[in-house]
Each structure stands twice: as C-alpha cells, then as structure tokens.
Number of protein chains: 2
Amino acid sequence: MARHKTYDCSAGCPVEATLDLIGGKWKGLILYHLLDGTLRFGALRKCIPGVTARMLTQQLRELEASGLVHRKVYAEVPPRVDYSLTALGESLREVVLSLKAWGEVYLGRGAQRPQRSALVR
Amino acid sequence: MARHKTYDCSAGCPVEATLDLIGGKWKGLILYHLLDGTLRFGALRKCIPGVTARMLTQQLRELEASGLVHRKVYAEVPPRVDYSLTALGESLREVVLSLKAWGEVYLGRGAQRPQRSALVR
DNA sequence: CAGTATCCACCCAGATACTG
DNA sequence: CAGTATCTGGGTGGATACTG
C-alpha cells in the first residue's frame, strides 16, 4: 500500500505494517500463487483473473520494492520475466497460509477447489 | 472492502476473501485492539491515532456487517457504545497475531513497544 | 511476451460543521 | 459521547492503444 502519510501508528504497529505490504488489492493473491514457485508474468496473470497488466505490473513492482519478490529478466526474444519470492517473501508463507486457512473456513468449505499447487508441479 | 465488482477470483480465493475482510485501511488495527476485549468508541479512537470519527464509524460498520464485530448501544446519557469481537471475529485471533508476529520481525525488533495489552487489563 | 503511456471516471478519505 | 452531513481534492484503478 505504502500510503498513510499522516498515519501515526504505521511506524509502530506490526499488524498494519504487515497489512501494508500484503494488503494491496492483488498482493495477497500474487504472494499466494508464488508460494508454489517461480512464475512468469503471463502465468501469474492467468492465475489471477480480473487483473490488468497495468495493475499486475504495479503491484509486482511494489512487492519488489518491499523486498518480498524477486524479478528476473531474461535477455531473450520474446521477452521473459520470472517472478519468485525472496527469502523475506518466503518468510510470509505461514502468514499467507493462515489467511488462506481462515478464508476457507469462512467461505464455508474445508475442501477448496484445487489451486495451481494441485494442478501443476 | 467489499468492492471488486468484476473480480472473478474473489468468490473462490480464500486469501483474498480474508484480506477483503481485514485488509481495509483500519480494520486490522481495530481487530487487533479488540483482541484484548471490549472497547468504547472513544477508547478505540485513542488506540488508533490518525483515524477520524468518520472513518472509524465506517470501518466498524463494515466489520459489523461482516459479522466480525458486535456493537452494543447503551440507552444512556451521555451515549455509550461498546464494540467487541463476535465469535467469528475472535476466530481471527491467530491470523491477526500471525500478522503481528511477522510485522514485528519485519520492523526489526523482537521487543515491541508495549501495546494496550501490556498496559491495561 | 511483457510491459508502458495516456486518459478519465469513480470513490475514498480528510476537513469541517452540526446533532441527539 | 458518539456519531452524521456535506463538500471536496486526490489517488486508484479500468480501458485502450502502443512498443521493444
């Protein structure tokens, strides 16, 4: 998010600090999908229906600036860019899984429609 | 949040579903402070420096609509309104504490400046 | 393929004033 | 005390067209 110009608590509140990093509109999703491993830009886009290239790029750049995501550009034609979690991003695994676990119960089902992790890899 | 009119994933993604509920600008903070017990409107406001009455009211109403927070109005003069977590809200405790724990490490300190939990109750 | 650039509608949130 | 009402600027994100 990285806003809160006049937000006294942000400097001292760990809950909001975390939410600022992963609470963006698409950040949680991106992080979640990257938990399964490296993904190309296009693959990530397919994982997140509804996101525009503009938004995905923007959110990825913010995640990169936060040090959560690593961006690797290949000097190829056609272009190829791989996104993966950094060690810091990886350290969010438990947090993201915690969000996921609660969400599954909240959505009223223990059995979630299979995600990429169950389909690929 | 409750937006995402054209957001295909929201129906099926538990991570985003959770983030939609707690990821609002102040929701995480509100939930976090209510973990310690019931708080009046004014007390909550003092806990969250920077929030306006308007915003606090709005976020609390959304949390109430989500079934995470309970609002109890006393027929007194001066008025008194107590906010507390519902059972559903309480079930988020681990999630919120998980966000907090990660945030503390991220902010580079194991020892957090004492919060209300250490000062009151 | 992986973006950027530009335009623009919308709505979020701050400030301020007022009320039961 | 615990809000509500109103106005308003600025930021956010969608659509579209273009590029290396």
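Order of the sequence lines fixes the chain letters, A, B, ..., with proteins taken first and strands second; residue numbering starts at 1 for each chain. What you see below is based on every heavy atom in this structure, not just the backbone, and it leaves out hydrogens, waters and symmetry mates. Small disclaimer: the values here were computed from a predicted structure and weren't measured.
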Residue [X], side-chain atoms from C-beta onward, closest of [options]:
X	options	value
Gln58(B)	dT4(D), dA13(C), dA2(C)	dA13(C)
Pro79(B)	dG20(C), dG3(D), dG20(D)	dG20(C)
Arg71(B)	dC1(D), dG3(D), dA15(D)	dG3(D)

Taking any heavy-atom pair under 4.0 Å as a contact, classify Tyr83(B): base, sugar-phosphate, or nothing.
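If one applies the 4.0 Å heavy-atom cut-off, Tyr83(B) turns out to touch the sugar-phosphate alone, with no base involved.
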How long is the line joining [atom1] of [X] and [atom2] of [N], in whole Å?
X	N	atom1	atom2	answer
Leu56(B)	dC12(C)	CG	C1'	16 Å
Lys72(A)	dA2(C)	NZ	P	15 Å
Glu64(B)	dG3(D)	CD	P	10 Å
Met55(B)	dA13(C)	CE	C1'	5 Å
Leu44(A)	dC1(C)	CG	P	15 Å
Gln59(B)	dA13(C)	CD	P	6 Å
Arg45(B)	dA2(D)	CZ	C1'	9 Å
Leu29(B)	dA13(C)	CG	C1'	16 Å

Could you say whether Thr57(A) or Pro78(A) is positioned toward the 5' end of DNA chain C, judged by the nucleotide with the nearest heavy atom to each?
Pro78(A)
Joint cluster assignment, Val73(A) & Leu60(A), ILVMFWY side-chain distance < 4.5 Å:
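Same cluster: Val73(A) reaches Leu60(A) through Ile, Leu, Val, Met, Phe, Trp or Tyr contacts under 4.5 Å.
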Check whether Leu34(A) and Tyr74(A) end up in the same hydrophobic cluster, where Ile, Leu, Val, Met, Phe, Trp and Tyr are linked by side-chain heavy atoms less than 4.5 Å apart.
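No, no single cluster joins them.
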Does a distance-only test, which skips hydrogens and angles, find a donor-acceptor pair under 3.5 Å between the side chain of Arg54(B) and the base of dG14(C)?
yes
Quick check on [N]: is either OP1 or OP2 less than 4.0 Å from any side-chain nitrogen or oxygen of [X]?
X	N	value
Arg40(A)	dA2(C)	yes
Lys25(A)	dC12(C)	no
Arg61(A)	dT4(C)	yes

Looking at CG of Leu68(A) and OG of Ser91(A), how far apart are the two atoms once the value is rounded to the nearest 0.5 Å?
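These two atoms lie 7.5 Å from each other.
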Only one of Arg45(A), Gln58(A), Lys46(A) forms a side chain to side chain contact (heavy atoms under 4.5 Å, CB included) with Val51(A), so which one is it?
Arg45(A)
I'd like to know if the side chain of Thr18(A) and the backbone of Gly103(B) have a donor-acceptor N/O pair within less than 3.5 Å.
yes
For dT4(C), the nucleotide meeting Watson-Crick or G-U wobble distances (both under 3.5 Å) is dA17(D)
